[in-house]
Every structure is written in structure tokens, then in C-alpha cells.
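Because the structure is predicted, anything quoted here is derived from the model rather than measured.
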Amino acid sequence: MLYYIPILLALIPQTLALWPIPRTLQTGSTFLVLSSQFNINVNVPNPPQDLLDAVSQTKDFLATDKLQRLVIGRGAADAGALKTAKTLPSLTVTMQSNQPVLPIAAESVKDIGTRSEGYTLSIPNDGRPAVLSANSTLGLFRGLTTFSQFWYDLNGVTYTNVSPVSIVKDVPAYPYRGLMLDTSRNFFPVADIKRTLDAMSWVKINTFHWHIVDSQSFPLFLPEFPELAGKGAYSSSQIYSPADVQSIVSYAAAHGIDVVMEIDSPGHTAIIAESHPEHVACNQASPWSTFANEPPAGQLRLATPGTVNFSAALFTAAARVLPSKLFSTGGDELNTQCYKSDAQTQADLKKSGQTLEQALNSFTQATHGALAKLGKTPVVWEEMVLDHSPKLSNNTVVMVWISSANAAAVAAKNFRFVHAPSDFFYLDCGAGEWIGKSAESNSWCDPFKSWQKAYTFNPLANISAAQKHLVLGGQQLLWTEQSDPNNLDPIVWPRAATSAEIFWTGATRPDGKALDGSEALPRLHEMRYRMVQRGVKAIALQPQWCALRPGLCNVDS
């Protein structure tokens, strides 16, 4: 993994609306106005259409964001300076290397750790054009995203107050910066997912972890297994068709995002019994709390040869429709009591002479083997390496979710991993218990995980220098027992942007100081207001009075 050590540069003005903050950044204090004839010139041979589309979108943002400065008076005091400010005529976009020019979509789905996302940006204050350069179209896309965040509006004049700007080789600290969405507990239409992908791209999140199915519903239509969605979806209108999946995947890739799909197994699969009861143990068993972590109970009969073959075929059918090199097979919350009480599983174990752990290994070898034939790298939840003992390939990626403290144990086993800890990054915590007849209960992962809490996360806590390369990055997650399209935006944004900065910027800001919530809050306010301007219903972080007066609502102010 490539790390770039930022040079100590100028102090960051609190007025900056950049998120994530670039790893290298030098700014001035001069006002600069965007020309009314401003244009973005693409100096790239045979530019792919998605790069041209990104340029067009950037121009649209510059014209329509209309974000006023978050200061008292909303920038009215800038009017005098704007009358004499120099004008920026254009931005030139160019490639730094002589490598073949690939679409953003092709660069976005390259194997983790091989993507080129870095860029260099210069915005002079003397009337010369700005210049954005990168080694890939994906890097140019990241740079366009940063460029679009410098600008404010005052009475129709688009301007910045921090020119000149120099960003040299801004590259992410970690290659994986994700957001997980569960579309099984409640269904999310394609339009809602695409709006979420838009917001992800604005903060340089590059991975959409799509937890597409679970015990509650199976909304994924696979031509090889039409009965799964036919009997497992909530309704015929709550199904992701092959065209829907391709639309989401293509849209994501063109916006710099890789889609990593998950079909959790062998647990969290009760819904498969609606079409294939022969493959599911303890289906709808009661009380469900004995046989599963949440209702309905039911999980794949991992010791049954027919079920193993079915599962391998299912993973093949799902994984081959996505370009991502990663595919998640889950592996969390396997309930052993379910298998102990299932006569079929016990008979199959006796016949094969296997223990349950040995059967789990055989099941994993078959499902992961199916992925290997497609050139895919398996992703699993932490229990598969900490609580069970299947023989996993060394390139398997592990999601650490139960506790941030467990990352060290995963690293000790020499697996690459993604931070997804419930004690920092679970967006659904703190909304009360959703289980019926539990008026006095709270959610299992209480309390609410505030952006401030998430922003204190240290990716390298208890990780030795020799293990740093195992940390791929991290993600925030929304399990949707209590979420649907009606509260998607405010429960995710702007909180999910916190991990985006942690894993892009790294431990220190470009001024050499550690990430700090007090410094970050004004910038996160700006990002939230920009999201609202662009149609995302991100929740307010504070009263507007506080947003206009940075620091005055701190407890010690």
C-alpha cells in the first residue's frame, strides 16, 4: 500500500468547505471570481464519455450550488473585495502519464490497492487558468470533486476567498473507503441508491457495500434462480432486476465507486426457505431468539451436499454480474443451536463423519472456490477468522464489526481487513429497540454513534508497524430494521462523511496537526449545506446560529 507523507503547509482557514481535507494543501487569502464564461478544457486524448460527463456535472455544480459562506451575513461583507478580484477564466484537465486512458468506470473497479485516485490541483490568483492533473481519469474525477468545493455564491457571483490554491499529489491514505446499505430489512428503490451514490462520490467514498439480501427478503432477481426473488421479495415491485443491478453498478463506477455485493451465508438465509425449504435448517423456529440473532430463524444446511452445491451455484450467479474483484459471503452470527436441533444436519454430519466446523470448512471451500473461478476475492465478517476455523485464502478480506478492539486479533492472523466497528461506525444505533414487546429496551449497540464519536476513530490503534499494510480502510454501515427511503438521507448524512475523511486524509491534516473535531465541524457544516443544495436531505448538525459562529457553541466557549 502506498502512503504519502504530507508536507507541513499553511494553516487551514476555517472558511474552507473541503471534505475530505486534502492531504497536501496550501491556500492564500485572496478573493478570486469565477468568470461568467468559465470553461473546463479537457486536454486528454480520446477522453472517455464518463470523464466528459464528470466535467459537465462539475460545471453544473458550479452554476447551481449557490452555497453562501457560513459566516454572519452569509458573505455580504465580501461584496467590496469581489469588485476588484481577479477572474479565473478556466480549468484545464490533463493527464500526467502516457498510460492508456481508461474510463472512470474501468479505473473504479480495479483490484483494491491498484487504483490511482491521486491528483494535483493549482488555482492561481493572477488570472491564469487553473490546472488539474492526474495519472488516471479516476484521479481527475477526485480532483474535480475537490475543485467544486472551493466556491461560494454572493448575489450570483461565484467566488473563493482562499486563492491561490496548491494541492500536490493528494492521494488517499487508505484504498478502501466505504458505505454499507442493507436493502433486505426494508427495500430501497434504485433512485434512492443512486442519490446515495452521488453523496458518496462528493466525499470520495469509493466502495458501496451492498448487503442486498438477508433472512427477511430476497429482492435480487437472478435469471438462474428466479424463484428466490419470486417468492422471497416483499412484492413484485420490490425486486432488483438484472437491469436495475447493472444500472446501479454502472452508475456507481462512473462516479468512482466499486459495488461489493454481499449474500450472507450460511446464516441470515431464512428467506431461501420460501422457495427451497430443503436447504434451510430451523426455518421459522420458535422462539426465534434461540435459533437466530433476529427473526426469522433459519440458515443454510451447510452439511448437506445438495445445499452446498446450491450455494456455490448461487454465488456464481450473483458474483459474475458485477465487475468488482470483491464479493462478500458473510459468515456472521452462525447459530450452532439451530444445527444441533436440525435432524437433517445431524444426519448429514454423521454420514460424512464431519464435525460442524469441518462441514463449515467444506461449505466455505465450495462457495469461495466458486468465487475463485471467477477471479473474485472473498470478503467475510470477523467471526469466520475469530470464532471459526475454515481454511481461508490469504487474500480474503475480513470485515471487523463486533468491536474495534477485535481488529488486532484479525491482524495477528495476517488477514487484510476493513474497519466496520459497531462501537464507532454503525449508523442505526441509538434509535431504540425495534423488537416488539420490549418497551424498556434499547438497541443492542446503543448509544447513538455521533459524527464526533466516529471522527475519533484511530485505524491503527493496537496495530503494529509491521501490520499496517493489512489495514485496507473502513466504512460506516446502515442496517435498516428502522430505516427506509423516508429517513435514508438524514440517518446517513453527513455522519457517513466522517469515515470518508479519516480514511482519505489519514491521521493528520495538511498543516501537520492531528484530525480534530473542532477544526472539522465548520467544514462538515459546509459539506452538509452543500449536500442539501444538491438535493440530499442531510440532517442539521447544530442550530444555524452555531454554524455561522464557529466555536461559539463549544462547551468551553
Problem - Gap separating the CD atom of Glu501 from the CD1 atom of Ile205, nearest 0.5 angstrom - result: 11.5 Å

Exercise for the section: Taking Gln99 for its side chain and Asn135 for its backbone only, find out whether a donor-acceptor pair lies under 3.5 Å. Expected result: no

Practice task
Return yes if a side-chain donor-acceptor contact under 3.5 Å exists between Thr160 and Ser163, otherwise no.
Solution key: no

Problem - Asp264 to Glu262 - nearest heavy-atom pair and separation - result: CG-OE2, 3.5 Å

Exercise for the section: Assess the side chains of His368 and Thr329: does a donor N or O sit below 3.5 Å from an acceptor N or O? Expected result: yes

Problem - Any side-chain donor near an acceptor of the partner, Thr146 and Tyr119, under 3.5 Å - result: yes

Completion exercise
For Gly118 and Ala134, the nearest pair of non-hydrogen atoms, with its separation, is O-CB, 3.4 Å

Handout entry: Gln216 side chain to Glu294 side chain, donor-acceptor N/O pair below 3.5 angstrom
Key = yes

Problem - Side-chain H-bond candidate by donor/acceptor type, Asp446 with Ser443, under 3.5 Å - result: yes

Problem - Side-chain donor-acceptor pair present, Thr207, Asp258, cut-off under 3.5 Å - result: no

Practice task
Examine the side chains of Glu333 and His268 and answer whether a donor and an acceptor come within less than 3.5 Å of each other.
Solution key: yes

Practice task
Can you label the angle between the His255 ring and the Phe141 ring as parallel, tilted or perpendicular, going by 30° and 60°?
Solution key: perpendicular

Problem - Minimum heavy-atom distance between Ile212 and Met261, given as atom pair plus value - result: CG2-CG, 3.7 Å

Problem - 4.5 Å side-chain heavy-atom contact, Val93 and Asn41 - result: no

Handout entry: Distance-only donor-acceptor check, side chains Lys110 and Ser116, under 3.5 Å
Key = no

Practice task
Using only heavy-atom distances, determine whether the side chains of Asn43 and Thr92 contain a donor-acceptor pair under 3.5 Å.
Solution key: no

Practice task
For Trp444 and Asn293, test the side chains for any donor-to-acceptor distance below 3.5 angstrom and give the result as yes or no.
Solution key: no

Practice task
On the 0 to 90° scale, with breaks at 30° and 60°, tag the Tyr159-Tyr152 ring pair as parallel, tilted or perpendicular.
Solution key: tilted

Handout entry: Side-chain (Tyr234) to main-chain (Arg185) donor-acceptor, under 3.5 angstrom
Key = yes

Problem - Charged N-O contact under 4.0 Å between Glu117 and Arg177 - result: yes

Exercise for the section: Establish, yes or no, whether the cationic atom of Lys449 lies under 6.0 Å from the six-membered ring centre of Phe424 and within 45° of the ring axis. Expected result: no

Exercise for the section: Please report the C-alpha distance between Val410 and Leu470 in whole Å, then the side-chain angles of each, then the deciding distance to 0.1 Å, and finally whether the side chain to side chain contact (heavy atoms under 4.5 Å, CB included) criterion is met. Expected result: CA-CA 9 Å; Val410 173; Leu470 298 173; over 6 Å; no

Practice task
Check the side chains of Lys376 and Ser324 for a donor-acceptor pair under 3.5 angstrom, ignoring hydrogens and angles.
Solution key: no

Problem - Distance (rounded to the nearest 0.5 Å) between Leu427 CG and Asp182 CG - result: 12.0 Å

Problem - Polar side chain donor-acceptor pair, Gln533 to Asp65, under 3.5 angstrom - result: no

Handout entry: Ile539 side chain reached by Pro494 side chain, heavy atoms, under 4.5 Å
Key = yes

Handout entry: Min side-chain heavy-atom separation Leu91-Phe38 under 4.5 Å
Key = yes

Exercise for the section: Over 60° means perpendicular and under 30° means parallel, so classify the ring planes of Phe425 and Phe457, tilted if in between. Expected result: tilted

Practice task
Using a 4.5 Å cut-off on heavy atoms from C-beta on, say whether the side chain of Leu132 contacts that of Thr94.
Solution key: no

Exercise for the section: Would you confirm whether the ring centroid of Tyr240 sits within less than 6.0 angstrom of the ring centroid of Trp210? Expected result: yes

Problem - Side chain to side chain, Tyr455 and Leu524, heavy atoms closer than 4.5 Å - result: no

Practice task
Evaluate side chain to side chain contact (heavy atoms under 4.5 Å, CB included) for Met399 paired with Val379, printing each intermediate quantity in order.
Solution key: CA-CA 7 Å; Met399 295 275 184; Val379 180; 3.8 Å; yes

Exercise for the section: Using atom types as modelled and distance alone, determine if a side-chain donor or acceptor of Asp428 lies under 3.5 Å from a backbone N or O of Leu478. Expected result: no

Exercise for the section: Check the surroundings of atom NZ in Lys413: do more than 12 heavy atoms from other residues, nucleotides or ligands lie under 6.0 Å from it? Expected result: no

Practice task
Take Arg195 and Asp489 through the side chain to side chain contact (heavy atoms under 4.5 Å, CB included) test and state the conclusion after the steps.
Solution key: CA-CA 9 Å; Arg195 188 179 66 258; Asp489 289 6; 3.0 Å; yes

Problem - Mutual orientation of the aromatic rings belonging to His525 and Tyr529 [parallel < 30°, tilted 30-60°, perpendicular > 60°] - result: tilted

Fill in the blank from the handout: In terms of heavy-atom contacts, Asn186 and Ser483 come closest through ND2-O, 3.0 Å

Handout entry: Between Glu107 and Thr137: side-chain donor-acceptor atoms closer than 3.5 Å
Key = no

Problem - Check: Ser184 side chain, Ser217 main-chain N or O, donor-acceptor pair, under 3.5 Å - result: yes

Practice task
Answer yes or no on whether Arg534 is positioned over the face of Trp202, meaning its NZ or CZ is under 6.0 Å from the six-membered ring centre and within 45° of the axis.
Solution key: yes

Practice task
Using the side-chain contact (heavy atoms from CB on, under 4.5 Å) rule, pick out the option among Leu140, Leu52, Val55 that qualifies with Pro47.
Solution key: Leu52

Exercise for the section: Drop me the distance from Arg530's CZ to Arg528's CZ, to the nearest 0.5 angstrom. Expected result: 13.5 Å

Handout entry: Separation of Leu62 CG from Asp153 CG (nearest 0.5 Å)
Key = 11.0 Å

Exercise for the section: Indicate yes or no: at least one non-hydrogen side-chain atom of Val245 is less than 4.5 angstrom from one of Leu220. Expected result: yes

Exercise for the section: For the residue pair Asn395 and Ser393, confirm or rule out a side-chain donor-acceptor distance under 3.5 Å. Expected result: yes

Handout entry: Euclidean distance, Ile104 CD1 relative to Gln49 CD, rounded to 0.5 Å
Key = 10.5 Å

Problem - Donor-acceptor contact below 3.5 Å, side chain Arg23 vs main chain Asp170 - result: no

Handout entry: Minimum-distance pair of heavy atoms, taken over all atoms of Glu526 and Leu67
Key = OE1-CD2, 3.7 Å

Exercise for the section: Just do the side chain to side chain contact (heavy atoms under 4.5 Å, CB included) check on Thr367 and Leu371 with the steps written out, would you? Expected result: CA-CA 7 Å; Thr367 52; Leu371 295 178; over 6 Å; no

Problem - Test item: side-chain donor near acceptor, Gln57 and Asp53, under 3.5 Å - result: no

Practice task
Using the side chain to side chain donor-acceptor pair (under 3.5 Å) rule, take Lys66 and Thr158 through it: C-alpha gap first, then chi angles, then the decisive distance, then the call.
Solution key: CA-CA 8 Å; Lys66 303 298 183 185; Thr158 304; 5.1 Å; no

Exercise for the section: With rounding to the nearest 0.5 Å, note down the distance linking CZ in Arg523 to CG in Leu16. Expected result: 8.0 Å

Exercise for the section: For the residue pair Gln476 and Trp451, confirm or rule out a side-chain donor-acceptor distance under 3.5 Å. Expected result: no

Exercise for the section: Taking all non-hydrogen atoms of both residues into account, name the closest pair between Trp401 and Glu383 and its distance. Expected result: NE1-OE1, 2.9 Å

Problem - Heavy-atom check, side chain of Val532 versus side chain of Lys537, under 4.5 Å - result: no

Handout entry: pair Val168-Ser166: side-chain heavy atoms closer than 4.5 Å
Key = yes

Problem - Flag, side chain of Arg115 to backbone of Ser108, donor-acceptor distance under 3.5 Å - result: yes

